[in-house]
Amino acid sequence: MVEKARKVVGNLPMELTSFVGRRREQSEVKRLLSVTRLVTLTGIGGVGKTRLALRAAAAAQRAFSDAVWLVELGEVRDASLLAETIAVALRVRNHTNRPIYEVLAEHLTSRQLLLVLDNCEHILSAVAELSEALLRTCPELRILTTSREPLNIGGESIMRVPPLETPDLARPQATQGQHGYDAVTLFAERARSNLPEFELTDENRMTVAQICHRLDGLPLPIELAAARLRAMSTSQILDHLTDRYELLTSGHRGAPSRQQTLRLSVDWSYDLCTPQEQSLWARLSVFAGGVEFDAIAGVCVDEWTDQKLLDVVGSLVDKSILIREEPGPVVRYRLLETLREYGLEKLGSSGDYPTLRRRHKDWFGRLAALGAEGWVTSQHGEWMSRLDREQPNLRDAMEFCLTEPGEGRAGLLIATTLYPFWLTRGLFGEGRRWLDRALQVQNESTGDRAQALFIDSVLAGLQGDTLSATALIDEAVAIGDRSTDGAVQPFAEYAIGFHMLYQGEPSRAVTHLGNALALFRDQGNTFMQLGSVQGLGLANMILSDMEQAVSRFYQALELSKPCGPSVLQSYPLWALGISLWRQGDPGEAVRSLERGLRLTRQVDDPLATAWCLQVLAWIAADQHHEKRAATLLGAADALWQQMGGENVTFSDMQVFQDVCERQARSALGTKGFEAASVRGKEMDRDAAVAFALDELPTSKRTHGGELTELTKREKEVATLVSQGLTNKVIAERLVISQRTAQGHVENILMKLGFTSRTQIATWFVEQR
């Protein structure tokens with residue numbers, strides 16, 4: 001005889017701590033439960049699958065007349081006990097000798113019920129088999145599971161639970177509105193649970209953002225870190241995160257054992273992997289910032305076929321070890337930094353680390369060389385995108401070369417090979433840092449060193465560091481005079497020619513750059529030919545030979561044609577704009593510069609963007625549009641600061657910059673000029689380009705709008721923001737909650753298309 005459980009309200013536990021964020025994920029779980037009968041939440045351990053499932057299940061209770069029932073499977077080691085465990089959780093008793101599955105199925109057949117099966121990964125096959133059987137025989141049953149990998153049965157809807165959003169540390173303004181980031185909110189709330197007086201302040205907000213970023217936005221380690229505030233400051237916690245597995249060891253006593261420390265949680269995932277998956281996990285830890293399949297095949301394995309490797313990679317994705325991303329036309333795979341550190345430990349203990357690091361260095365060295373060869377071809381855009389994506393791996397490869405004995409020359413070659421990328425990406429400072437370090441390590445007087453010195457000098461000149469550029473050229477020339485390497489001389493002519501341009505000696509620049517052009521043409525080096533032609537055009541322009549300058553810039557455009565739309569066309573368009581303006585044709589000049597700007601947006605080129613904005617400012621001032629000129633100057637200055645370059649690269653053009661700024665200041669007054677300039681500096685690159693092109697995208701349409709576009713309360717809040725007050729003080733002044741004040745500020749930012757409180761303040765002053 002079967003004793004049925006009485007109809008009750010389910011067994012979901014009460015929440016003891018606040019639930020943070022996940023609004024989009026909650027909505028998606030609700031939607032999936034409405035259209036399918038089996039939903040699986042997957043993700044790495046500690047990402048918050050259980051909390052999300054419980055919150056979504058609680059919100060769905062009204063839809064199930066027989067309630068929602070939770071079955072915790074984390075401590076179930078014997079898969080044969082699965083049906084028994086579910087029956088116990090549902091309060092189903094079996095007083096007969098019938099199999100427990102039959103009793104359970106009979107109990108569920110007539111019930112409208114949501115069954116939450118939590119932590120299924122270690123008995124996955126058993127859960128999949130039982131779930132499929134129950135769903136076939138129980139028409140009103142729905143199942144919500146959490147697992148580090150899917151069940152992979154028919155009718156299953158899979159939702160991957162991502163880490164919480166963290167501020168982008170590369171954008172300082174992103175940390176100012178940190179309450180909008182769930183990871184920071186979680187840290188702050190758990191911090192107050194452990195230290196009631198804790199507050200997120202201007203002094204600690206960056207540190208908290210860094211903690212959340214270092215912990216990959218994973219709720220479990222963030223909560224463990226917040227618990228450390230009982231004995232440590234936020235700065236101390238950040239400092240100790242170099243060994244996160246030692247620091248994060250104080251979980252709640254009531255949590256499952258695998259979640260009481262970060263290491264136990266990751267150990268649990270590792271133990272669920274096959275030996276092949278464990279080996280690949282460890283080997284994948286040599287990659288930084290993500291990796292594509294060809295690199296995995298080239299670095300990690302020899303004996304596996306591509307199909308076998310794909311199978312193991314796919315399995316690691318299914319088990320939430322690897323994150324699959326699709327940033328463009330290709331798929332990339334990424335380990336969270338927490339899992340990467342764990343993999344590095346395993347790789348180190350296996351003894352394979354040195355071998356894998358050398359293979360990584362060799363593979364990305366070849367990639368950089370192939371990229372340089374394909375820079376002025378129809379594959380230019382693909383190579384630029386690939387090198388963009390691989391910057392973390394290229395940096396890691398160079399770091400290995402410059403810290404590992406005997407690898408210095410390899411590091412110097414990679415740094416030299418990346419010159420086209422650094423130049424066209426505006427990464428002057430980074431290029432110089434790597435070249436300087438490589439030159440210190442590899443100090444033999446070889447042709448390779450001379451070439452690196454010449455390239456380093458060009459980047460130094462672009463940054464206005466004339467003294468360093470001179471010293472670099474002097475050393476390179478001394479080596480070149482003793483070298484029999486035929487590749488050195490064209491680089492010498494090229495570097496000296498640009499140095500003459502930076503020094504204000506255009507006539508000498510014409511001689512050297514002309515020599516460089518001829519030598520690079522003989523070598524078939526199209527990229528360096530293009531640079532030489534561009535330099536010749538600039539020298540002609542400075543010499544006021546506008547006809548020859550325009551001819552050179554059209555020649556540069558012709559040389560870059562094989563690339564299609566590319567950064568290599570945006571530079572000639574910028575220089576052509578200057579030449580046409582100086583020829584007395586501002587209309588055609590603006591058209592050339594606008595064409596260049598549209599191209600920079602298409603190919604993501606910050607250097608040419610800054611140049612085009614700057615020259616458009618000069619022309620605007622010349623046509624008495626001083627406010628526009630000041631705004632464009634501010635936007636260009638902001639880009640130059642990000643790239644670490646000088647706002648006027650060639651000294652002979654400084655007069656145009658000076659005249660523009662002086663005229664705008666005179667017309668607007670100091671305060672008006674500064675306000676317009678700050679407005680430009682606060683724009684991101686997309687907004688600055690849209691402004692220069694007189695476009696008004698919806699998200700930015702109200703930048704210059706009237707104060708009446710805000711509600712009365714939002715005007716009051718904007719006034720207080722312009723006075724530099726925090727949300728807390730604003731809330732006190734207006735007698736509202738701090739959360740309400742925060743909401744008003746966020747609405748204002750959204751309406752005005754801004755990203756920071758500083759922009760609100762500047763805009764408010766302009767309106768007044």
Side-chain angles (χ1 to χ4, degrees), residues 9-10 12-70 112-120 131 135 140-151 155-168 177-190 212 216-220 222-223 317-318 320 323-326 698-699 739-740 742-747 749-751:
V9 293
L12 291 183
M14 296 291 292
E15 291 184 336
L16 299 180
T17 57
S18 60
F19 185 87
V20 174
R22 302 288 198 198
R23 291 183 181 179
R24 186 190 64 78
E25 289 88 348
Q26 289 182 68
S27 298
E28 181 63 8
V29 176
K30 180 180 179 181
R31 185 191 69 80
L32 290 173
L33 284 172
S34 70
V35 297
T36 188
R37 297 178 60 212
L38 173 62
V39 177
T40 298
L41 306 184
T42 66
I44 186 61
V47 80
K49 301 182 295 295
T50 297
R51 285 300 302 270
L52 175 59
L54 293 178
R55 172 54 70 100
Q61 284 190 102
R62 292 184 180 180
F64 298 92
S65 58
D66 290 289
V68 177
W69 295 84
L70 169 67
Q112 187 184 40
L113 181 146
L114 174 63
L115 188 61
V116 181
L117 303 179
D118 188 32
N119 293 300
C120 304
S131 297
L135 290 169
E140 296 299 318
L141 173 67
R142 293 185 189 274
I143 299 177
L144 174 61
T145 71
T146 73
S147 174
R148 301 190 188 191
E149 59 181 308
L151 275 58
E156 179 185 28
S157 289
I158 302 165
M159 178 180 146
R160 298 195 181 277
V161 180
L164 298 176
E165 188 179 6
T166 62
D168 181 357
Q178 285 184 37
H179 286 292
Y181 294 93
D182 290 342
V184 173
T185 302
L186 177 65
F187 183 93
E189 293 199 8
R190 298 300 183 264
C212 294
D216 299 308
L218 292 173
L220 172 61
I222 288 173
E223 293 191 357
V317 171
D318 286 342
S320 304
I323 297 175
R324 179 190 183 278
E325 299 175 326
E326 202 163 349
T698 303
S699 61
R739 188 174 294 276
T740 300
Q742 174 191 330
H744 285 312
V745 173
E746 290 174 352
N747 286 340
L749 290 169
M750 181 183 67
K751 285 186 176 183

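All residue numbers in this chain count up from 1 along the given sequence.
Evaluation of the side chain to side chain contact (heavy atoms under 4.5 Å, CB included) rule for L70 yields N11, L12, P13, L54, E72, V116, D118 as partners, not counting sequence neighbours. With sequence neighbours left out, the side chain to side chain contact (heavy atoms under 4.5 Å, CB included) criterion links A183 to L164, T166, C212, I222.
Heavy atoms only, all atoms of each residue included: P219 and G46 are closest at CD-O, 3.1 Å. S34 approaches R142 most closely through the heavy-atom pair O-NH2, 4.4 Å. The two residues L113 and W69 have their closest heavy-atom pair at CD1-CD1, 3.3 Å. Listed here is the closest heavy atom pair of S320 and R160: OG-NH1, 4.2 Å. Between V29 and L144 the shortest heavy-atom distance is CG1-CD1, 4.3 Å.
Under the 4.5 Å side-chain criterion, counting only non-hydrogen atoms from C-beta, L32 is in contact with M159. Two residues are said to be in side-chain contact when any heavy atoms from C-beta on lie closer than 4.5 Å; E28 and V39 fail this criterion. Contact annotation: the side chain of R22 approaches that of P162 to within less than 4.5 Å [non-hydrogen atoms, C-beta and beyond]. Within the 4.5 Å cutoff, no side-chain heavy atoms of T146 are placed close to those of C120. Considering only heavy atoms from C-beta on, P150 comes within 4.5 Å of D318 through its side chain.
Going from atom OG of S157 over to atom CZ of R37 covers 12.0 Å, rounded to the nearest 0.5 Å. To the nearest 0.5 angstrom, T185 atom OG1 is 10.0 Å from E165 atom CD. Taken from CD in E156 to CG in L38, the straight-line distance is 5.0 Å, to the nearest 0.5 Å. A distance of 6.5 Å separates OG1 of T42 from CD1 of I158, quoted to the nearest 0.5 Å. In this structure, the separation between CD on E223 and CZ on R190 is 4.5 Å, given to the nearest 0.5 Å. Atom-to-atom distance recorded for R23:CZ and D182:CG is 8.5 Å, nearest 0.5 angstrom.
In summary, the side chains of T145 and T40 do present a donor paired with an acceptor at a separation below 3.5 Å, with no hydrogens or angles considered.
Salt bridge annotation for E326-R324: present, with a cationic side-chain nitrogen under 4.0 angstrom from a carboxylate oxygen.
Checked options L218, L220, I323; the residue passing with I44 is L218 (criterion: side-chain contact (heavy atoms from CB on, under 4.5 Å)).
Side-chain atoms of Q112 do not come within 3.5 Å of backbone N or O of F64 as any donor-acceptor pair.
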